[in-house]
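Notes follow the structure.
Position 1 is the first residue of the sequence, and the numbers go up from there.
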Amino acid sequence: MARHSHPKARFAIMPRRYCQESPDAIASCELDDMVLLYHRPSGQTHMVISPVPEILATLDDGAALTAGEVHGELARLYDLGAAEAAEQLVEAHLTELTALGLVRIA
């Protein structure tokens with residue numbers, strides 16, 4: 001049996017893109033420094049604080065954004081400190097929001 005020599009395939013790792021399931025899947029209510037998010041599809045209510053509402057707001061228009069793009073949008077409005085650390089925090093929040101069903105991977 002002959003062996004074929006194949007050049008090593010190179011795959012670019014594409015960053016995950018996140019989006020909201022649908023614009024009306026989440027109802028929100030502000031209470032002082034906290035925001036209540038009612039997720040209609042699951043019937044669950046989540047209590048969140050900043051930066052979660054701001055992260056969700058960047059995904060409000062149906063865009064599918066990477067954590068870096070979400071960070072970029074937020075950095076235009078807020079002082080987020082060191083970019084690398086802030087982007088990692090945004091990614092962690094997006095991962096948690098995905099696990100809760102409030103955001104999905106596009």
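- Note: the hydrophobic cluster containing M47 does not contain I26 (ILVMFWY, side chain heavy atoms under 4.5 Å, direct or indirect links).
- Between the side chain of R17 and the main chain of A106, no donor-acceptor pair closer than 3.5 Å is present.
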Which pairs would a plain distance check flag for residues 30-37, meaning a side-chain donor or acceptor within less than 3.5 Å of a matching protein atom at least two apart in sequence or in another chain?
none

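- Remark: A63 pairs with D61, L65 by the side chain to side chain contact (heavy atoms under 4.5 Å, CB included) rule, at least two apart or across chains.
- Among residues at least two apart or in separate chains, side-chain hydrogen bond (donor to acceptor under 3.5 Å, both in side chains) pairs with a member in residues 73-82 are E73-R76.
- Under the salt bridge (Lys or Arg N to Asp or Glu O under 4.0 Å) criterion, R104 pairs with E21, not counting sequence neighbours.
- Y38 is not connected to L59 by any chain of hydrophobic side-chain contacts under 4.5 Å among Ile, Leu, Val, Met, Phe, Trp and Tyr, and they are in different clusters.
- Counting only residues at least two apart or in different chains, side-chain hydrogen bond (donor to acceptor under 3.5 Å, both in side chains) contacts with residues 39-57 comprise H39-S42, S50-E54.
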Pairs under 3.5 angstrom only: tabulate donor-acceptor contacts from the side chains of residues 80-102 to other protein residues two or more places apart or in another chain.
unit_1 : atom_1 : unit_2 : atom_2 : d
E91    : OE2    : Y18    : OH     : 2.5
T95    : OG1    : E91    : O      : 3.0
T98    : OG1    : L94    : O      : 2.8

